[in-house]
Protein chains: 2
Amino acid sequence: MIRRPDRNPGARQGRTTYDRDSLVEVAVAVFNERGYDGTGMEELARRLGISKSSIYHHVSGKEELLDLAVSRALDALFAVLDEPCGAHANATARLEHTVRRSVETLAAELPYVTLLLRVHGNSEAEQRALERRREFDHRVAELVRQAAAEGGVRGDIEPGLTSRLLFGTVNSLIEWYRPDGGLSVAALGDALTSMVFDGLRVQRP
Amino acid sequence: MIRRPDRNPGARQGRTTYDRDSLVEVAVAVFNERGYDGTGMEELARRLGISKSSIYHHVSGKEELLDLAVSRALDALFAVLDEPCGAHANATARLEHTVRRSVETLAAELPYVTLLLRVHGNSEAEQRALERRREFDHRVAELVRQAAAEGGVRGDIEPGLTSRLLFGTVNSLIEWYRPDGGLSVAALGDALTSMVFDGLRVQRP
DNA sequence: TTGCTGCCCGACCGAACATTCGGTTAGCGT
DNA sequence: ACGCTAACCGAATGTTCGGTCGGGCAGCAA
């Protein structure tokens, strides 16, 4: 429940107000707890500490809340793909970089990415989100294909299958990872990257 | 739209009826498309080809449909844990067996497991399902702990983390795998097991 | 003081929700 | 031919949904 402080410099129990971002932040938390469809505007208002109608002062409706949230997640994920990572890096290094940075982004934007990955496509906003997700997947699959072609990752598993398993593992983090727990993002990235690239079996000397 | 054939052995175009199982089968398909909370009983009735009120002849309500579905998934998953797999098998072999059989079960009961993994806990039935899921996770984590202790899998990744990454990968299959596609369950199990145990990097000789 | 703007509220609306009810139909055993 | 029952239906139940409306109140500029 993040709010801006009361504008009134006089002390006493301040009145608090929301801006769009802080409102979306709370909304996303509730959506992730009860599901988007399972959350009513009344429940949302209760958790925000304001009335239902006040929500409509900040956003046009429930669907815009969803749109703002998933767009934020998608923007962050696509930014990873567009990151430069060394001028003469091969595809395999770029893939490893993408996996690690995706884990970091997922952790940094955890509630927003969580909501994104649970979208069903019941409304226009949701279908647009699904479209962008597919675009992201295609670009990752292309990267895996290149890495396999240059011999950096195994070729006996079909590249399309590899990328699905790979990002299935990354995306599954939303089901349990909490940044405020004992596990740092760096350690998580190390463990995941190490498992998918080197395997769980005891390493040969 | 699966129905039982007309009970009348006579030729004429039979009347068709649902039993609980075939009704749940259709319901689960719709729930997975639109989400449980996003699906109305009217939409459900339309897809079943019967009226809304007729649904209540077979089940007590929407929640029982969910309960029947997720219970089926959970029963199948727990059955894997209870499978005997060789009298003198070590924990590592048992873990690999569990992973592979879980993939097979997930594929065999795909719609039911999909619904299970998307449960939020908004109702009593859902909370019971979440409880049983946690129990399943605990038993898998214990297996990983044993495998690490006997030196079968790497000890430099914490066993609790390993089991989460491992079954995160398995569970993420529901997001894209379709048994009627080109990829057989056996090939999928091979690829997944190979990735998580041996890694994606090109194998050393 | 007045008027303006940003933020908020209670009361309310039509639509959609899950569920119920009284009654109808189809097909089996007799 | 008859009666029984599983399976079904249309219409209506009360409830909850997302969203609207007119107005209240605080802070600020004039």
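Reminder, nothing fancy here: chain letters follow the sequence lines and each chain counts from 1.
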* Is it the case that A:Glu64 and A:Ser60 place a side-chain donor and acceptor less than 3.5 Å from each other? -> yes

* In whole angstroms, how far is the C1' atom of C:dC13 from the CE atom of A:Met41? -> 16 Å

* To do: Would you mind checking if B:Arg72 and B:Asp21 are paired as a salt bridge, meaning a charged N to carboxylate O distance below 4.0 Å?
  => no

* Check whether any side-chain N or O of B:His58 sits under 4.0 Å from OP1 or OP2 of D:dA6, and answer yes or no. => no

* To the side chain of A:His57, which of C:dC7, D:dG10, D:dA7 is closest? -> C:dC7

* Asked: Rounding to a whole Å, what distance do you find between A:Leu66:CG and D:dG18:P?
  -> 13 Å

* Structure fact -> Test salt bridge (Lys or Arg N to Asp or Glu O under 4.0 Å), reference A:Glu131, set A:Arg133, A:Arg134, A:Arg128, output is A:Arg134

* Structure fact -> Rounded to whole Å, the CD-C1' distance (B:Glu64 to C:dA18) equals 14 Å

* Presence of donor-acceptor pair under 3.5 Å, side chain of A:Lys62 and base of D:dG19 -> no

* To do: Round to the nearest Å and state the distance from A:Leu44 atom CG to C:dC8 atom P.
  => 14 Å

* Would you mind checking if A:Asp82 and A:Arg139 are paired as a salt bridge, meaning a charged N to carboxylate O distance below 4.0 Å? => yes

* For the base of D:dG10, is there a side-chain donor-acceptor partner from B:Ser53 under 3.5 Å away? -> yes

* Asked: Can you check the A:Leu23 CG to C:dG6 C1' distance for me, whole Å?
  -> 15 Å

* Structure fact -> Separation of D:dC17 atom P from B:Glu43 atom CD, nearest Å, is 20 Å

* To do: Would you kindly give the OH-to-P distance between A:Tyr56 and C:dA11, to the nearest whole Å?
  => 18 Å

* Asked: With respect to the side chain of A:Lys52, which nucleotide from D:dG18, D:dA7, C:dC8 is positioned closest?
  -> D:dG18

* To do: Figure out the CG/C1' separation between B:Asp19 and D:dC8, and round it to whole Å.
  => 15 Å

* **A:Ser51 side-chain N/O to C:dC9 phosphate OP1/OP2 under 4.0 Å** => yes

* Asked: Of the nucleotides C:dC9, D:dC9, D:dT20, which one has an atom closest to the side chain of A:Ile50?
  -> C:dC9

* Asked: Applying side-chain hydrogen bond (donor to acceptor under 3.5 Å, both in side chains), which residue pairs with at least one partner in residues 154-182 of chain B are found, sequence neighbours left out?
  -> A:Thr169-B:Thr169, A:Ser194-B:Arg154, B:Arg154-B:Asp156

* Asked: Heavy atoms under 4.0 Å, any strand shown: does A:Thr39 hit a base, just sugar-phosphate, or nothing?
  -> sugar-phosphate

